[in-house]
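Some notes on the structure that comes next.
We number each residue from 1, following the sequence as shown.
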Amino acid sequence: MMMATTPTQFDDLPHEIALNILIRLPVKTLLQFRCVSTYYNSIITSSNFITKHFKLNLVKSLLSNKNNNNNDYLLCKARSHREQDTLCTIVCNISDHTLTEVSRWRVPVSNATIVGICKGLFCLVFQQFTVHAFNADSRPIDGTWVFDIYLWNPNIGKFKIIPSTDDSFEPFGYGFGYYHIQNNDFDFKVLRYGRFFRQNRLDFQVYTLSTDSWKQLSSFNGSRGPITRIDLPPYLFFNGALHFIAYSCGHKFILCFDLHNDNFREILLPQDYSNGLFFKLEQLAVLEGSLAVIAFDSHVLIEKCHIWVMGVYGDVDSWTPNIVDLKDVKNFFGCMSSGELVIRKSSPHKLILFDPKSPDEKSIGIGDLAPEIYTANLMESLVFLNERN
């Protein structure tokens with residue numbers, strides 16, 4: 001006669017086995033596990049566990065992108081005044097182009113701008129002008145700008161305030177990304193560019209999360225001289241580097257900042273990039289795994305979308321052009337992993353997925369939500385779980 005066996009309790013498992021199970025659980029489940037016991041709370045909140053969990057999720061994320069089976073995400077703000085700081089996460093299923101809302105987060109800093117998203121963290125910037133003095137007509141005559149930067153992990157509801165530096169530095173724009181360091185560890189960096197008070201040159205500063213400090217970078221000169229301007233809309237984080245459309249003495253190029261060694265380099269645009277055209281909108285993107293420049297021009301009644309793809313990263317001879325008709329473009333959010341462009345049209349106001357190979361347009365509705373930012377990957381992490389706000 002066989003005797004019944006008693007089910008094994010999770011608490012009875014050896015530490016290494018329990019650790020290997022926990023590290024594969026989603027963030028929401030891990031947060032619930034913290035309440036099970038002080039022992040499991042100490043494991044989950046340890047720096048070693050947070051790092052291992054991050055690395056495992058990073059591998060899953062990279063494999064998902066490589067196998068082209070990853071869904072795409074739109075992050076939208078609610079239009080109503082009552083929910084103006086509510087961020088909605090919408091999954092765009094690449095198989096049938098249906099949209100599904102998966103979460104709603106309350107942004108911890110009211111009226112903050114989302115600078116970027118990277119591996120589970122959001123970079124937020126809050127700008128405010130503080131008045132110090134008024135004239136006889138109650139008009140401000142003296143004041144200072146405050147530029148506060150936050151790194152926020154919405155999955156665990158924690159954020160970190162990045163320490164401020166010299167108030168005489170006025171930032172114009174930002175970049176945010178991560179990189180691998182020794183022993184396959186990881187780190188995050190924030191790059192900002194701007195000018196010091198009463199100086200004309202463009203300066204750069206970089207913040208490193210692991211050291212919790214800023215560093216002034218050496219000035220970079222392009223092939224034709226110092227950088228005079230960097231374009232907005234935003235930068236592109238790709239291949240371990242931040243990419244910007246920049247200008248040097250009238251010469252336009254791609255400015256690349258390597259997050260591993262804090263070095264700048266220049267990537268030339270295609271020789272026939274503009275051909276004298278005036279682009280109402282141009283942006284860097286990742287199109288089917290390659291660096292791309294997407295530009296929209298409007299000439300009389302003819303509106304076109306210009307696409308250049310760099311087949312071999314860093315090889316300026318590998319730029320390949322494609323020009324297609326596309327009208328009424330108001331905003332471009334990025335390229336889906338399936339190769340479609342996420343675009344908002346101006347008349348009527350609607351969101352479309354545009355396939356430049358067809359070319360084909362698919363209208364998608366997002367109700368009363370306003371799209372803010374697109375990302376092909378929205379990885380979960382436990383970064384900042386052991387931080388105190």
Side-chain angles (χ1 to χ4, degrees), residues 71-79 88 90-100 113-114 229-236 238 243-245 247 252-254 269-311 319-376:
N71 285 325
D72 297 68
Y73 296 85
L74 275 172
L75 286 97
C76 308
K77 286 282 189 74
R79 294 184 188 274
C88 305
I90 297 176
V91 164
C92 185
N93 306 296
I94 60 176
S95 58
D96 56 7
H97 298 101
T98 57
L99 300 179
T100 306
T113 301
I114 302 173
R229 180 164 65 92
I230 292 179
D231 263 359
L232 296 174
Y235 67 93
L236 173 71
F238 174 66
H243 299 74
F244 306 83
I245 294 179
Y247 296 81
K252 185 188 294 188
F253 62 97
I254 298 174
L269 289 164
Q271 289 185 349
D272 58 348
Y273 174 62
S274 62
N275 282 333
L277 297 174
F278 175 77
F279 295 130
K280 65 178 182 180
L281 179 64
E282 57 185 332
Q283 192 168 320
L284 299 172
V286 178
L287 181 57
E288 297 183 314
S290 296
L291 177 65
V293 185
I294 316 290
F296 305 90
D297 82 273
S298 178
H299 182 68
V300 193
L301 298 177
I302 302 174
E303 297 186 32
K304 295 187 179 295
C305 173
H306 300 252
I307 302 172
W308 289 267
V309 177
M310 181 173 265
W319 284 112
T320 303
N322 184 24
I323 304 175
V324 292
D325 294 334
L326 185 60
K327 297 181 179 180
D328 298 322
V329 174
K330 181 176 178 64
N331 298 104
F332 168 61
F333 295 99
C335 303
M336 292 186 64
S337 52
S338 57
E340 294 167 306
L341 278 58
V342 184
I343 290 169
R344 180 165 57 186
K345 286 206 164 186
S346 55
S347 179
H349 291 282
K350 64 178 181 180
L351 199 67
I352 68 164
L353 300 180
F354 176 73
D355 186 353
K357 295 177 182 177
S358 304
D360 184 31
E361 294 183 18
K362 298 183 182 72
S363 180
I364 54 177
I366 54 174
D368 62 347
L369 300 175
E372 288 277 318
I373 194 167
Y374 157 84
T375 177

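Closest approach of P270 to W308, counting heavy atoms only: CG-CD1, 3.4 Å. For the residue pair R344 and F333, the shortest heavy atom distance occurs at CB-CE1, 3.9 Å. Heavy-atom minimum distance, L369 versus C76: CB-CB, 3.7 Å. Across all their heavy atoms, E361 and L326 have their closest contact at OE2-CD1, 3.4 Å. Closest approach of F332 and I343 over heavy atoms only: CD1-CG1, 4.0 Å. Residues I307 and P356 share a closest heavy-atom pair of CD1-CB, 3.6 Å.
Remark: the backbone N or O of K345 is not paired with any side-chain donor or acceptor of K350 at under 3.5 angstrom. E303 contributes a side-chain N or O that, together with a main-chain N or O of D328, makes up a donor-acceptor pair within less than 3.5 Å. A donor-acceptor pair under 3.5 Å is formed between the side chain of D72 and the backbone N or O of S337.
Rounding to the nearest 0.5 angstrom, the gap separating the CG atom in L236 from the CZ atom in F244 is 9.5 Å. One distance of note links CD of E282 with OH of Y273; it measures 3.5 Å at 0.5 Å rounding. Taking CG from L284 and CG from L291, the interatomic distance works out to 6.0 Å, rounded to the nearest 0.5 Å. For the atom pair CG (L281) and CD1 (I294), the distance works out to 10.0 Å, reported to the nearest 0.5 Å. In this structure, CD1 on I364 lies 4.0 Å from CG on L351, to the nearest 0.5 angstrom. With rounding to the nearest 0.5 angstrom, the CE atom of M310 is 8.5 Å from the CG atom of L269.
You'll find the side chain of F354 stays beyond 4.5 Å of the side chain of V329, heavy atoms only. No side-chain heavy atom of V342 sits less than 4.5 Å from a side-chain heavy atom of P371. V91 has its side chain out of reach of L99: every pair of non-hydrogen atoms, C-beta onward, lies at least 4.5 Å apart.
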Quick one, R229 with D231, criterion salt bridge (charged side-chain N to carboxylate O under 4.0 Å, His left out). Give me CA distance, side-chain angles, the key distance, then yes/no.
CA-CA 7 Å; R229 180 164 65 92; D231 263 359; 2.8 Å; yes
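Each of F296, F279, F278, W319 was compared with H306 under the ring-ring contact (aromatic ring centres under 6.0 Å, His included) criterion, and only F279 meets it.
Among residues two or more places apart in sequence or in another chain, the side-chain hydrogen bond (donor to acceptor under 3.5 Å, both in side chains) test is passed with K362 by E340, D360. Residues satisfying the side-chain hydrogen bond (donor to acceptor under 3.5 Å, both in side chains) test with D272, not counting sequence neighbours, are none.
Other residues, nucleotides and ligands contribute over 12 non-hydrogen atoms within 6.0 Å of the NZ atom of K280.
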